[in-house]
Number of protein chains: 2
Amino acid sequence: MDTTTADSALPRARGIDRVIDILECLKENRTPMTIGDISRKIRAPRSSTYEIVARLAEAGMLEIDNANRAFFGRAIYFYADAYLASQPLLRHGRSEVLRLAKVHGETAQLCMLVGNKYTVGFMQPGASLFRIISEIGVLVPIPWTASGRLLVGGMTPDEIHALIPDEDFRLPSGRTIDFDSFLADVERGMKANVMMTVGLSDTYTCCLAAAIRDERGHPIATLCFMIPANSEQARAQELLSHLNEAAARISSAMSRELAE
Amino acid sequence: MDTTTADSALPRARGIDRVIDILECLKENRTPMTIGDISRKIRAPRSSTYEIVARLAEAGMLEIDNANRAFFGRAIYFYADAYLASQPLLRHGRSEVLRLAKVHGETAQLCMLVGNKYTVGFMQPGASLFRIISEIGVLVPIPWTASGRLLVGGMTPDEIHALIPDEDFRLPSGRTIDFDSFLADVERGMKANVMMTVGLSDTYTCCLAAAIRDERGHPIATLCFMIPANSEQARAQELLSHLNEAAARISSAMSRELAE
DNA sequence: ACAGCGTGTCCAGTATATAGGACAACGCGA
DNA sequence: TCGCGTTGTCCTATATACTGGACACGCTGT
């Protein structure tokens, strides 16, 4: 649970570490928290938490609502805007995801690796009732997803084995994925640039993905649709080709930008 | 320049304050900076800056590029996503701005007050060559903008006077805005819900705005277009009505959400 | 070659930020 | 009514985070 530092021992903690703990805590919670709750969750003394939350609120990084609960503030949003402007992948990816979800009516996502995990970088829910719940920034084992198979494309089997912890091959259902068949998926994905999986992270979902590549051809992110597992094959194939087109568009737009 | 604390004196600074200074510094700069540059800009010892930047990078709040320059990192983006999800105004406002810019081909913005200043919360450049440069999150005196006139709507003259510093009535051109005529603008804006100004913050720009209101009818934000000052009246009026419709749509959507 | 400048790392001393607890005020249930 | 848990504020002591400086290194221009 402790994403950052301090676990069992109790030496004095640094203010900065507290800041990071607080922000991570709010990110996980996704909704405003009282200072009491925060200090319990991050195991910090109440007095310290009050102090630090107040300072962060003063700087606009947190905001305190009228029930005295703290959550992220405007400053964070402005910082993120600067980050976004510096990241062509996210900029282009976001607008394609919005377009894909609108045009095809299915939940679309931009996915990428963060360390040795898979995560959703942006998501737009589709029009249909079938809704997927993966939150932005939540880390998921690579083998649980279609995108994960594309994202490790181009790596050697040894590199892949070194990257992914063994326990990540065990699905939520309890079933374990065979490493060799995973490798076979990766290789096919690298060739076709698209991947489809059914009932992997959960039994109801079919995951369609296409890889976005950097100027050297390495996969750096994926666009994907989440659709019901019982969708028709023809529909899935059609969506895959739309994903592939959109991904190619982003890949070339980014290479062009880099060239300037 | 010093947006937060420490100015001339040199008592030992807190880690947290350094963190805030660093983030504000990068936000102003809008592009990656070397640690040396950061420490000079925020007047912090190099050794401290190295330490703190490294810790923030470890937490993903900053990222260090291959030229050893620091900038915002993924974590900030994830925090901002949670913030955005908690802010109906920004959520709806952003999508309307994207739509307005796309449909009408002009630069569109979502604007709001931060303390006693006006700021742009989101912006989408238009298709035309005429581009405005206001950056997200930069604070601007209220009297310099059409939106500012709408945003103080509903306040008494005394409240307005207390809110806006006298020096903010001096335009970049050197001209000073008369307080009474400013008040008259505010009152007309409150009635019409829209406002147009020409050549205010700069001589080439015409600023069109419409107010978004909370459930009690108080202006909380504006949608606006930035167009060339020499645009035709008919065109401006048409755009104003589009802004007004979009703003009304957001106002009622938010009231509805609140009612649930 | 050399001087001058910026970078990245390391160290030790001390100013001070944090922990911890005491306190009053509050809300809630019995 | 009286406990009991939680909240927000304030205080003091001390463990330590920050500072300042030294050092080695790699530039660049002369």
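Quick note on labels: first sequence line is chain A, next is B, and so on, each numbered from 1. Predicted model only: the values in this text are computed from it and were never measured.
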### Query
Can the ring centroids of B:Phe71 and A:Tyr83 be said to lie less than 6.0 angstrom from one another?
no
### Message
Without decimals, in angstroms, what is the distance between A:Ile20 CD1 and D:dA17 P?
### Response
13 Å
### Message
For A:Ile38 and A:Asp21: C-alpha separation, side-chain torsions, deciding distance, then whether side chain to side chain contact (heavy atoms under 4.5 Å, CB included) applies.
### Response
CA-CA 9 Å; A:Ile38 294 174; A:Asp21 287 342; over 6 Å; no
### Query
A:Arg40 has an atom CZ; how far is it from atom C1' of D:dT7, in whole Å?
10 Å
### Task
Kindly give the heavy-atom pair with the smallest separation between A:Gln109 and A:Tyr118, and that separation in Å.
OE1-OH, 3.6 Å
### Query
Does A:Arg55 make a side-chain N or O approach to OP1 or OP2 of C:dA17 shorter than 4.0 Å?
no
### Query
Is any NZ, NE, NH1 or NH2 atom of the basic residue among A:Glu257 and A:Arg91 found under 4.0 Å from an Asp or Glu carboxylate oxygen of the other?
yes
### Summary
From CZ of B:Arg12 across to P of D:dG20 the rounded distance in Å is 9 Å
### Task
Would you mind reading off the distance between A:Asp21 atom CG and C:dT18 atom P, rounded to a whole angstrom?
13 Å
### Message
Between P on D:dA17 and CZ on A:Arg18, what's the gap in Å once rounded to a whole number?
### Response
11 Å
#### Entry: Over 12 foreign heavy atoms within 6.0 Å of CD, B:Glu215
yes
### Query
For A:Ile16 and A:Asp37, take the nucleotide of DNA chain D holding the closest heavy atom to each; which residue's nucleotide lies nearer the 5' end?
A:Asp37
### Query
What is the distance, rounded to the nearest whole Å, between atom CZ of A:Arg43 and atom C1' of C:dG20?
17 Å
### Task
Check whether the side chains of A:Glu24 and B:Tyr79 place a donor and an acceptor atom closer than 3.5 Å, and report yes or no.
yes
### Query
If only atom types and distance count, is the side chain of A:Ser251 paired as donor or acceptor with the main-chain N or O of A:Arg213 below 3.5 Å?
yes
Check nucleotides 8-12 of chain D against the protein and report each pair of N or O atoms closer than 3.5 Å, with its distance, or say if there are none.
| from | atom 1 | to | atom 2 | distance (Å) |
| --- | --- | --- | --- | --- |
| D:dG8 | OP1 | A:Asn68 | ND2 | 2.4 |
| D:dG8 | OP2 | A:Tyr50 | OH | 2.7 |
| D:dG8 | O5' | A:Tyr50 | OH | 3.3 |
| D:dG8 | N7 | A:Arg46 | NH1 | 3.0 |
| D:dG8 | O6 | A:Arg46 | NH2 | 3.1 |

### Message
In whole Å, I'd like the distance from the CD1 atom of B:Ile22 to the P atom of D:dC18.
### Response
10 Å
### Message
Can you measure B:Arg14 atom CZ to C:dA15 atom C1' for me and round it to whole angstrom units?
### Response
14 Å
Extract from the structure each pairing of a protein N or O with an N or O of nucleotides 24-27 of chain C at less than 3.5 Å, listing the distance.
none

### Cationic N near anionic O, under 4.0 Å, B:Glu51 to B:Arg46
no
### Query
If every non-hydrogen atom of A:Leu89 is compared with every non-hydrogen atom of A:Leu110, which pair is closest and at what distance?
O-CD2, 4.2 Å
